[in-house]
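Source: prediction; values computed, not measured.
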Amino acid sequence: NNYRLALALEAIGFVYYGQRNLDNALEAMQRSVALSRDFSTPVNIGFAQNNVAFIEFEAGRAEDALKTFDEAVALGRTTSRNLLAITLYNQAAVYAYLGQFPAARANLNEALELLDPIQHSRQMIELNLYWGYDFSSALKDWADARMRFQTAKEIIDRQPEYYPEERARL
């Protein structure tokens, strides 16, 4: 059935992504999303679109990623603050890459307002890493970048066993 096929395609997409085969990952993920629209919840579609947009960006299709993030952000606005925050900071990285710094800053600030530092520690780490690397460093605002990295480090240091990848990115 389409439900199982969509799940299988999503899993295949993640395998391709792990192999850095971005074109095949993107195709599998897009097919999964297309099938999922018939039975899945809007928040799940939003998270799936976030994944598609992230792969589009990594595959060098930044403009396509912005459009896909737009849908994920719109779904987040009506379904889930967590989805909204994640898609906003991911989209901010694309905006910064394209030199659209005011849009990136607006997304980062909105995402920061949505996240509770205690309940959303992983997302707070990601937000601060994106802010530091993709935004502040691109603007050569080293003081802000240092502050963002310090904030991420403080959260990681509370439970370092949960964040080995994030620690390595510092």
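- Note that CG of Leu5 is 6.5 Å distant from CZ of Arg31, once rounded to the nearest 0.5 Å.
- Note that CG of Asn107 and CZ of Arg105 are 12.0 Å apart. Values are rounded to the nearest 0.5 Å.
- Members clustered with Leu7: Tyr3, Phe39, by chain and number, using a 4.5 Å side-chain heavy-atom cutoff among hydrophobic residues.
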For a side chain to side chain contact (heavy atoms under 4.5 Å, CB included) check, start with the C-alpha distance between His120 and Leu114, then their side-chain angles and the critical distance, and finish with the verdict. CA-CA 10 Å; His120 302 110; Leu114 291 166; over 6 Å; no
With side chain to side chain contact (heavy atoms under 4.5 Å, CB included) as the criterion, how do Met124 and Leu112 come out once you've worked through the C-alpha distance, each side chain's angles and the decisive distance to 0.1 Å? CA-CA 8 Å; Met124 288 295 294; Leu112 183 61; 3.7 Å; yes
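- Scanning for salt bridge (charged side-chain N to carboxylate O under 4.0 Å, His left out) contacts around Glu27 gives an empty result, with sequence neighbours left out.
- Between Glu166 and Arg122 there is a salt bridge, since at least one side-chain N of the basic residue sits less than 4.0 Å from a carboxylate O of the acidic one.
- For the atom pair NZ of Lys153 and OH of Tyr163, the computed distance is 14.5 Å after rounding to the nearest 0.5 Å.
- Closest approach of Glu58 to Leu22, counting heavy atoms only: O-CD1, 3.4 Å.
- Residues Phe101 and Phe135 have side chains in contact (heavy-atom distance under 4.5 Å, counting atoms from C-beta outward).
- Heavy atoms only, all atoms of each residue included: Ala96 and Ala104 are closest at N-CB, 3.9 Å.
- Follow the hydrophobic side-chain contacts under 4.5 Å out from Ile12 and you never reach Phe14; the two are in separate clusters.
- Counting only distance, with no hydrogens or angles, the side chain of Thr78 and the backbone of Leu75 share a donor-acceptor pair below 3.5 Å.
- Phe149 and Trp142 sit in two unconnected hydrophobic clusters of ILVMFWY residues. Membership requires side-chain heavy atoms under 4.5 Å apart, directly or through other members.
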Name the atoms and distances for all side-chain donor-acceptor pairs under 3.5 Å in residues 46-55, with sequence neighbours left out.
from, atom 1, to, atom 2, distance (Å)
Gln49, NE2, Glu71, OE1, 2.7
Asn50, OD1, Asn90, ND2, 2.9

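- Looking at Leu88 and Leu108, their side chains never come closer than 4.5 Å, going by heavy atoms from C-beta outward.
- In this structure, Arg169 CZ and Glu126 CD are separated by 4.0 Å, a value rounded to the nearest 0.5 Å.
- Proximity of a side-chain donor or acceptor of Ser137 to a complementary backbone N or O of Asp134 within less than 3.5 Å is not detected.
- To the nearest 0.5 Å, atom CG of residue Leu115 and atom CG of residue Asn82 are 7.0 Å apart.
- With sequence neighbours left out, the salt bridge (charged side-chain N to carboxylate O under 4.0 Å, His left out) criterion links Arg81 to no other residue.
- The shortest heavy-atom contact between Ala6 and Ser32 is O-OG, 2.8 Å.
- Taken together through direct or relayed side-chain contacts under 4.5 Å among Ile, Leu, Val, Met, Phe, Trp and Tyr, Tyr17 and Leu9 form parts of separate hydrophobic clusters.
- Environment of CZ in Arg4: sparse, with no more than 12 heavy atoms of neighbouring residues, nucleotides or ligands closer than 6.0 Å.
- Looking at heavy atoms from C-beta onward, Glu56 lies out of side-chain contact with Met29 at the 4.5 angstrom threshold.
- Under the 4.5 Å side-chain contact rule for hydrophobic residues, Val43 and Ile86 share a cluster.
- Listed by chain and number, the residues in a side-chain contact (heavy atoms from CB on, under 4.5 Å) with Ala152 are Ile125, Asn128, Leu129, Leu170 (sequence neighbours excluded).
- Within the hydrophobic cluster formed by Ile, Leu, Val, Met, Phe, Trp and Tyr side chains joined at under 4.5 Å, directly or through other members, Leu98 is accompanied by Phe57, Leu66, Phe69, Val94, Tyr95, Tyr97.
- With rounding to the nearest 0.5 Å, the separation of CD1 in Ile155 from OG1 in Thr151 is 6.5 Å.
- Among all heavy-atom pairs drawn from Ser40 and Ile45, the shortest one is CB-CD1, 3.9 Å.
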Passes side chain to side chain contact (heavy atoms under 4.5 Å, CB included), Val33 versus Glu10? Steps please. CA-CA 8 Å; Val33 170; Glu10 182 180 45; over 6 Å; no
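- Nearest heavy atoms, Ala145 versus Ser136: N-CB, 3.6 Å.
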